[in-house]
Amino acid sequence: MYFALTDEQRALAETVRDFLADRFDLTAVRAVFEDTAGDGHPAELWKAFAEQGWLAVLVPEENDGMGLGLLDAQVLARAFGAGAVPGPWLPTVLVGEAVRLAGSPAQRAAVLGPLAAGELVATVALRAPGGSFDQSGVGVTADIDPGGTRLTGTASPVEYAGVARTAVVAAKEPDGGIGLYLVDPTSASVTVTALDTYDGTTRLGALTLDGAAGERLPESNAAVLAELSRRGAVLAAADLVGTARAALTRTIEYDKTRVQFGKAVGSFQFIKHTLADLHVGVLMAEHAALYAAHAVDAALPDAALAVAVAKAKANDAAERATGAMIQYHGGIGYTWEHEAHFFYKRAKRLVGTFGDAGEHLDRIAALSIDA
């Protein structure tokens, strides 16, 4: 079977690339990166995301969205990785997915329309500090009584916890199950603590809940949490392969013009072979991410395996490509003034988001060899 993006999806990718080159290039990224006291959430960029429909990509049409699939959303994520784009797009989109998958009609109406319009910044808080991205990593507990559900515990790291106005929090319930809850991060019973991060293209925080009110998504359970994590892993993998491809392309272009011993360094056999190997690794990761998105969209039997393969490959490709970007730019690649560190630090953060390579390799073994 021949599998490729549609003409519309390729056009979407080109539109995003052109937009970023024209209105939010790496100079704008640097401004966010170096503004360590800022919230990392450029208002004009977010407004443009809403106008372009990029926040509405997965929102159903009946809730004023575009009603597209994960395959379309990964096109956006890949372009954002290639541009080292800051902002809470990923966690906001995942909140929309949680509400779409498990919310009541009233919750969908209250959340999805404003989310698609860019009126709502949201985030997901799914695991305890250091916890895995499955139900064993959940660190918040739910206390259910006639007065309402109260949530207690800490979730960390949480992307853009400081600017989010809605959070979807995973919690362990008294019967041993898992629930997803809508929580107001600005309420008095929620403490948001900013966390240091080496990646200036995001902002991280910890959510500490002390009896915070939670509105349960009625269809949520451990299976929905697993599905939400799979979707997050696909989008993180797409961001990583976008990051990897941009790092590799920039390195190749630089090494075509950088001269040592009277020759372009890109002509040296060792460098040519290394860059060729990196290209193969990035290409394989790109295709793995594409298939994983398709498998999740189509609810294929191998979707969980495809996601694990995609995230493991994307982690490896991005770490290798961004590391080579620094090395093969020579001395300038190690400086703060060069953009190589944007891509390297973004990749280092994302390899641990929704599962590091070890976690996904264990899952691959469990789903194939152990089965």
Side-chain angles (χ1 to χ4, degrees), residues 2-30 32 42 44-59 61 65-90 92-93 96 116-118 201 231 234-254 256 275 278-297 310 313-314 317-318 321-322 325 339-340 342-343 346-347 350:
Y2 179 73
F3 180 76
L5 292 177
T6 65
D7 290 342
E8 291 80 7
Q9 289 164 339
R10 288 194 292 271
L12 174 60
E14 184 176 354
T15 297
V16 180
R17 288 194 299 267
D18 290 346
F19 170 88
L20 294 175
D22 182 53
R23 296 178 58 183
F24 206 87
D25 61 9
L26 290 181
T27 300
V29 173
R30 179 176 292 278
V32 175
E44 288 304 310
L45 182 63
W46 192 251
K47 180 181 178 182
F49 276 21
E51 291 171 348
Q52 297 289 336
W54 298 339
L55 295 168
V57 60
L58 293 174
V59 174
E61 293 181 10
M66 298 175 69
L68 300 177
L70 196 61
L71 195 57
D72 303 278
Q74 70 82 35
V75 170
L76 296 173
R78 186 183 300 195
F80 297 154
V85 175
W89 179 83
L90 176 57
T92 297
V93 165
T201 68
R231 291 171 179 270
V234 169
L235 294 178
D239 193 305
L240 281 163
V241 297
T243 300
R245 178 58 69 188
L248 181 57
T249 299
R250 289 173 178 273
T251 303
I252 291 170
E253 291 303 314
Y254 180 76
K256 287 179 179 178
L275 293 176
L278 287 171
H279 166 68
V280 171
V282 173
L283 185 64
M284 295 294 287
E286 288 171 337
H287 284 283
L290 284 175
Y291 180 73
H294 166 67
V296 172
D297 276 340
K313 282 188 172 294
T322 58
M325 184 183 189
E339 65 268 13
F342 297 162
F343 298 97
R346 187 182 185 94
L350 282 169

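Quick caveat, the model's predicted, so the values are computed rather than measured. Start at 1 with the first residue, then count along the sequence.
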Quick one: are [X] and [Y] in side-chain contact, heavy atoms under 4.5 Å?
{"X": "Glu8", "Y": "Val75", "result": "no"}
{"X": "Thr201", "Y": "Val32", "result": "no"}
{"X": "Leu26", "Y": "Phe343", "result": "yes"}

[atom1]-[atom2] distance between [X] and [Y], expressed to the nearest 0.5 angstrom:
{"X": "His294", "Y": "Leu70", "atom1": "NE2", "atom2": "CG", "value": "11.5 Å"}
{"X": "Asp18", "Y": "Arg23", "atom1": "CG", "atom2": "CZ", "value": "12.5 Å"}
{"X": "Phe80", "Y": "Leu235", "atom1": "CZ", "atom2": "CG", "value": "10.5 Å"}
{"X": "Asp239", "Y": "Leu350", "atom1": "CG", "atom2": "CG", "value": "5.0 Å"}
{"X": "Thr27", "Y": "Glu339", "atom1": "OG1", "atom2": "CD", "value": "9.0 Å"}
{"X": "Leu12", "Y": "Leu76", "atom1": "CG", "atom2": "CG", "value": "5.0 Å"}

Between [X] and [Y], is there a donor-acceptor pair closer than 3.5 Å when you use the side chain of the first and the backbone of the second?
{"X": "Arg346", "Y": "Val85", "answer": "yes"}
{"X": "Asp25", "Y": "Ala28", "answer": "yes"}
{"X": "Glu253", "Y": "Arg250", "answer": "no"}
{"X": "Arg17", "Y": "Ala79", "answer": "no"}

Report, one line per pair, each donor and acceptor closer than 3.5 Å where one atom sits in a side chain of residues 278-290; sequence neighbours left out.
unit_1 : atom_1 : unit_2 : atom_2 : d
His279 : ND1    : Arg245 : NH1    : 3.1
Glu286 : OE1    : Arg245 : NH2    : 3.2
Glu286 : OE2    : Arg245 : NE     : 2.9

Exercise for review: Classify the ring geometry between Phe49 and Trp54 as parallel (under 30°), tilted (30 to 60°) or perpendicular (over 60°).
Suggested key: perpendicular
